[in-house]
Amino acid sequence: MNLTDPIFTDEAKARKHLEATRWPNGPECPHCGVVDQATQFKGKAHRAGVYKCNACGEQFTATVGTVFERSKIPLNKWLLANYLMNASKKGVSAHQLHRTLGVTYKTAWFMAHRLRAAMAETNPAPLGGEGKTVEADETVIGGKERNKRLSKRNPANIGAVGKSVAVTLVERNGRARSFHVAHVSGATLGPILFKNVHRKSALMTDTSGAYFHAGKQFARHETVNHGIEEYVRGDAYSNTVEGFFSILKRGVIGVYHHVSEAHLHRYLAEFDFRYSNRIALGVNDGARSDEALRGIGGKRLTYRRTREAAHA
Ligand SMILES: [Zn+2]
């Protein structure tokens, strides 16, 4: 798959591709869950891609119950936006999507957020396991007040106040999972570690006291003291999660410029998804884009719909 693929210009081909990707075993009824027991309506009198379920009698398409539902945006544009976001290591801005797809900026913004929802994990299993290693680290997202022009500085934001902290867990040779936390402490990090890291894993962190108590619950807990420039000691290092942060920061600073606290978790899901489905794990741009399409169903959209997005 590349940009010359007709699924990005031909709506009927886009629909066929979405159906084949979401329904490998035949049409799945979103009303009753029955697979491959539906009849497609044919002919000009019917909208494209409408099926009638022979089990429950309800009608559906491949976009019912997904983040594409109730959108007037042609499916080929959805697939193109999805491909661009999945094929770009640092993401694609809403401004870029607006120009590339020929949709309004507002529509592009909503499309990007819906595609991020598709990338978000549902019911994620713990990372790591016996014989596996998970690195955990935290980073501050957002511009430093002292680097801003004097007129733009907010004195209340000097120091760590007013910035967003991301905590990321990375399984070596595996997946990444990130969280937006209010501040770094044992109280905020402990529950995240317990829920998302298998207890039989080796845990690698810096010497921050926030990991001290939680660390005892894992098979092994090694710390590296960045304060004395100790970065690698045997298999004790956090270079993997640092590598993830460098991609995240280049994306947030270089592409998105500014990420509001309210939306940070959505951007983190996007960077987690691309990292967890990266080429080093054998997932190319096309396979990654298809994996994102498999995630468009069953997502609750919590941001407010605007009239424009609903009719775009
Ligand atoms: Zn049904």
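Values in this document were obtained by computation on a predicted structure and should not be read as measured data.
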Is it true that a side-chain atom of Glu171 and a backbone atom of Gly128 form a donor plus acceptor pair closer than 3.5 Å?
yes

Test item: Ser238 side-chain N/O and Val241 main-chain N/O as donor-acceptor pair under 3.5 Å
no

Are Ile279 and Val92 in one and the same hydrophobic cluster, where Ile, Leu, Val, Met, Phe, Trp and Tyr link if side-chain heavy atoms are under 4.5 Å apart?
no

Working to the nearest 0.5 Å, report the span between CD1 of Ile7 and OG1 of Thr21.
7.5 Å

Is a salt bridge present between Glu270 and Arg274, judged by a nitrogen-to-oxygen distance below 4.0 Å?
yes

Run the side-chain contact (heavy atoms from CB on, under 4.5 Å) check on Asp285 and Tyr83 step by step: do they pass?
CA-CA 7 Å; Asp285 292 346; Tyr83 180 79; 4.0 Å; yes

Quick one: does Ser276's side chain have a donor or acceptor within less than 3.5 Å of a partner on Ala176's backbone?
yes

Quick one: OG on Ser289 to CG on Asn277, what's the gap to the nearest 0.5 Å?
10.0 Å

With the side chain counted from C-beta on, respond yes when Pro27 and Asp36 share a heavy-atom pair under 4.5 Å apart, and no when they do not.
yes

I need the minimum non-hydrogen distance between Val184 and Ser208, along with the two atoms involved.
CG1-OG, 4.4 Å

Looking at side-chain heavy atoms only, is the closest gap between Trp23 and Val35 below 4.5 Å?
no

Quick one: does any side-chain atom of His31 pair with a main-chain N or O of Gln59 as donor and acceptor, under 3.5 Å?
yes

Check the surroundings of atom NE2 in His213: do more than 12 heavy atoms from other residues, nucleotides or ligands lie under 6.0 Å from it?
no

Is it true that Thr66 and Thr63 share a donor-acceptor pair across their side chains at a distance under 3.5 Å?
no

If you define the side chain from C-beta out and look only at heavy atoms, does anything of Glu242 sit under 4.5 Å from Glu135?
no

Suppose the criterion is salt bridge (Lys or Arg N to Asp or Glu O under 4.0 Å): which pairs have a residue in residues 206-221, not counting sequence neighbours?
Arg220-Glu222, Arg220-Asp235

Full working for side-chain contact (heavy atoms from CB on, under 4.5 Å) between Asp5 and His17:
CA-CA 11 Å; Asp5 197 303; His17 181 79; over 6 Å; no

Taking a hydrophobic cluster as the set of Ile, Leu, Val, Met, Phe, Trp and Tyr residues connected by side-chain heavy atoms closer than 4.5 Å, whether directly or through intermediates, do Met85 and Ile253 fall within one such cluster?
no

Any heavy-atom pair between the side chains of Thr205 and His221 that's under 4.5 Å?
yes

Once the angle between the rings of Tyr51 and Phe60 is folded into 0 to 90°, is it parallel (under 30°), tilted (30 to 60°) or perpendicular (over 60°)?
parallel

With rounding to the nearest 0.5 Å, note down the distance linking CZ in Phe8 to CG in Asn82.
8.0 Å

Could you walk me through whether Thr188 and His183 pass the side-chain hydrogen bond (donor to acceptor under 3.5 Å, both in side chains) test, one step at a time?
CA-CA 7 Å; Thr188 56; His183 59 273; 4.9 Å; no

Distance (rounded to the nearest 0.5 Å) between Trp78 CH2 and Leu101 CG:
10.0 Å

Answer yes or no: is there a donor N or O on one side and an acceptor on the other, between the side chain of Arg114 and the main chain of Val67, under 3.5 Å?
yes

Same hydrophobic cluster for Val255 and Phe245, using side-chain heavy-atom links shorter than 4.5 Å among ILVMFWY?
yes

Nearest non-hydrogen partners of Tyr256 and Gly91, listed with the distance
OH-CA, 3.4 Å

Check ion pair Glu291-Arg288 (N to O, under 4.0 angstrom)
no

Would a single hydrophobic cluster contain both Leu84 and Ile73, if residues Ile, Leu, Val, Met, Phe, Trp and Tyr are joined by side-chain heavy-atom contacts under 4.5 Å?
yes

Give, for atom NE2 of His180 and atom CG of Leu264, the distance between the pair rounded to the nearest 0.5 Å.
5.0 Å

Ala14 backbone acceptor or donor facing Asn76 side chain under 3.5 Å
no

For Asn2, look at atom CG and say whether over 12 heavy atoms of other residues, nucleotides or ligands are found less than 6.0 Å away.
yes

Are any non-hydrogen side-chain atoms of Asn86 and Phe273 less than 4.5 angstrom apart?
yes

If you look at every heavy atom in Tyr267 and Val259, which pair is closest and at what distance?
CD1-CG1, 3.4 Å

Transitively linked via ILVMFWY side-chain contacts under 4.5 Å: Val50 with Phe68?
no

A side-chain contact here means heavy atoms from C-beta on lying under 4.5 Å apart; do Asn54 and Val34 qualify?
no

Can Phe110 and Ser71 be said to form a side-chain contact (heavy atoms from CB on, under 4.5 Å), step by step?
CA-CA 10 Å; Phe110 271 86; Ser71 157; over 6 Å; no

Check whether Lys249 reaches the backbone of Val140 with its side chain - one donor and one acceptor, N or O, closer than 3.5 Å.
yes

Using atom types as modelled and distance alone, determine if a side-chain donor or acceptor of Arg278 lies under 3.5 Å from a backbone N or O of Gly174.
yes

Please check if atom CZ in Phe194 has more than 12 non-hydrogen atoms from other residues, nucleotides or ligands closer than 6.0 Å.
yes

Quick one: CD1 on Ile192 to OG1 on Thr168, what's the gap to the nearest 0.5 Å?
10.0 Å

Where do Ile247 and Phe271 come nearest, in terms of heavy atoms and distance?
O-CE2, 3.7 Å

Under the side-chain contact (heavy atoms from CB on, under 4.5 Å) rule, what do Glu121 and Arg177 come out as? Steps first, then yes or no, please.
CA-CA 9 Å; Glu121 289 185 297; Arg177 195 171 295 156; 2.7 Å; yes

Shortest non-hydrogen contact between Thr133 and Met204, atoms and distance:
CG2-CG, 3.6 Å

Please give me the minimum heavy-atom distance between Leu193 and Tyr211, naming the atom from each residue.
CD1-CD2, 3.9 Å

